[in-house]
Amino acid sequence: MSENGSSDLDVTAVYPGTFDPITNGHADVAGRASRMFHRVIVAVAANPAKNPFFSVEERVEFARLTFADFANVEVHSFDCLLVDYARQHGAGAILRGLRAVSDFEFEVQLSGMNRRLAPEIETVFIAAAQDYGFVSSSLVREIASLGGDVSEFVSPAVNEALLARLRSR
Ligand code: ADP
């Protein structure tokens with residue numbers, strides 16, 4: 001470990017996702033990875049096909065607020081093939097989070113495809129923390145849109161933004 005708590009292992013990990021919006025579960029995964037990897041890039045997929053609730057600019061801003069105190073975590077958006085993005089940034093690892101068994105099938109398929117496309121990049125899974133294993137962006141959006149309290153699952157900034165967006169509807 002170096003002084004700022006980051007790992008001395010000189011590997012950059014890319015953590016891709018839609019992050020619509022970033023939750024405490026995502027934050028926990030990236031925070032734990034920041035202690036294992038030299039540098040973690042949270043890569044916010046533009047993903048227009050998913051018709052995100054928040055714009056890519058908003059999703060990047062929320063993630064930047066979340067990781068403001070992490071010296072070795074960067075946040076950027078991307079709209080190209082993930083392995084191309086990872087290669088462009090010299091990443092040796094793709095980071096994904098695993099919650100329930102239901103995540104497993106898709107995540108293993110994705111990692112197999114990414115390995116075929118870029119054998120030199122290893123996918124690394126971090127298991128969700130017990131407290132966040134049931135947290136997803138889609139549930140957070142759904143609960144908030146029905147008037148439920150999601151402040152336990154997202155940062156205060158994201159909670160405010162969600163409430164503001166829902167009020168303006
Ligand atoms: P995507 O559209 O790529 O699935 P998400 O933002 O939904 O983007 O998720 C990004 C990654 O974070 C995925 O690997 C997902 O399994 C993981 N993830 C999502 N929520 C959590 C959580 N609460 N705890 C741990 N990992 C999570």
Side-chain angles (χ1 to χ4, degrees), residues 11-37 39-67 70 73-86 89 91-118 121-145 148-159 161-162 165:
V11 176
T12 294
V14 171
Y15 181 28
T18 313
F19 303 108
D20 186 30
I22 190 162
T23 68
N24 291 342
H26 292 126
D28 180 63
V29 165
R32 281 153 66 202
S34 75
R35 296 195 294 271
M36 289 165 54
F37 295 100
R39 179 174 167 231
V40 174
I41 301 174
V42 176
V44 180
N47 247 345
K50 273 199 169 180
N51 204 6
F53 185 77
F54 288 109
S55 70
V56 68
E57 291 81 14
E58 288 171 311
R59 288 179 279 136
V60 165
E61 186 195 329
F62 299 149
R64 287 202 172 134
L65 288 170
T66 303
F67 297 111
F70 288 72
V73 179
E74 295 166 31
V75 181
H76 302 289
S77 62
F78 77 108
D79 59 5
C80 61
L81 191 64
L82 174 62
V83 291
D84 288 345
Y85 182 82
H89 290 78
I94 291 170
L95 178 68
R96 295 286 287 180
L98 277 181
R99 288 163 295 183
V101 181
S102 49
D103 278 343
F104 187 82
E105 198 173 336
F106 174 69
E107 292 293 343
V108 168
Q109 183 186 14
L110 190 65
S111 69
M113 183 55 83
N114 283 331
R115 185 200 294 271
R116 181 61 68 91
L117 295 172
I121 302 176
E122 199 63 52
T123 296
V124 174
F125 296 110
I126 289 195
Q130 210 175 353
D131 284 353
Y132 303 126
F134 55 90
V135 177
S136 69
S137 299
S138 56
L139 273 181
V140 161
R141 292 195 307 271
E142 191 173 337
I143 293 165
S145 68
D149 177 13
V150 295
S151 58
E152 211 185 316
F153 312 125
V154 296
S155 69
V158 170
N159 193 35
L162 265 170
R165 168 66 73 86

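Whatever order the structure lists ligands and atoms in, that order sets their numbers, starting from 1. Just so it is clear, the structure is predicted and the values come from calculations on it, not from any experiment. Below, all heavy atoms of this structure are taken into account, side chains as well, without hydrogens, waters or symmetry copies.
Annotation: ring pair (Phe, Tyr, Trp, His ring centres under 6.0 Å) contacts of H76 (sequence neighbours excluded): none. Here S137 pairs with P21, T23, H26, R141 under the side chain to side chain contact (heavy atoms under 4.5 Å, CB included) rule; sequence neighbours left out. Every side chain to side chain contact (heavy atoms under 4.5 Å, CB included) that D103 has, sequence neighbours left out, goes to L98, R99, E107.
Within 4.0 Å of ligand 1, protein heavy atoms come from Y15, P16, G17, T18, F19, G25, H26, V29, K50, R96, G97, R99, D103, E107, A128, Y132, V135.
Here the straight-line distance linking atom CZ of F37 with atom CG of L95 works out to 6.0 Å at 0.5 Å rounding.
A salt bridge does not link E74 with R64: none of the charged nitrogens is closer than 4.0 Å to a carboxylate oxygen.
Judged purely by distance below 3.5 Å, without hydrogens or angles, the side chains of D20 and T18 never pair a donor atom with an acceptor atom.
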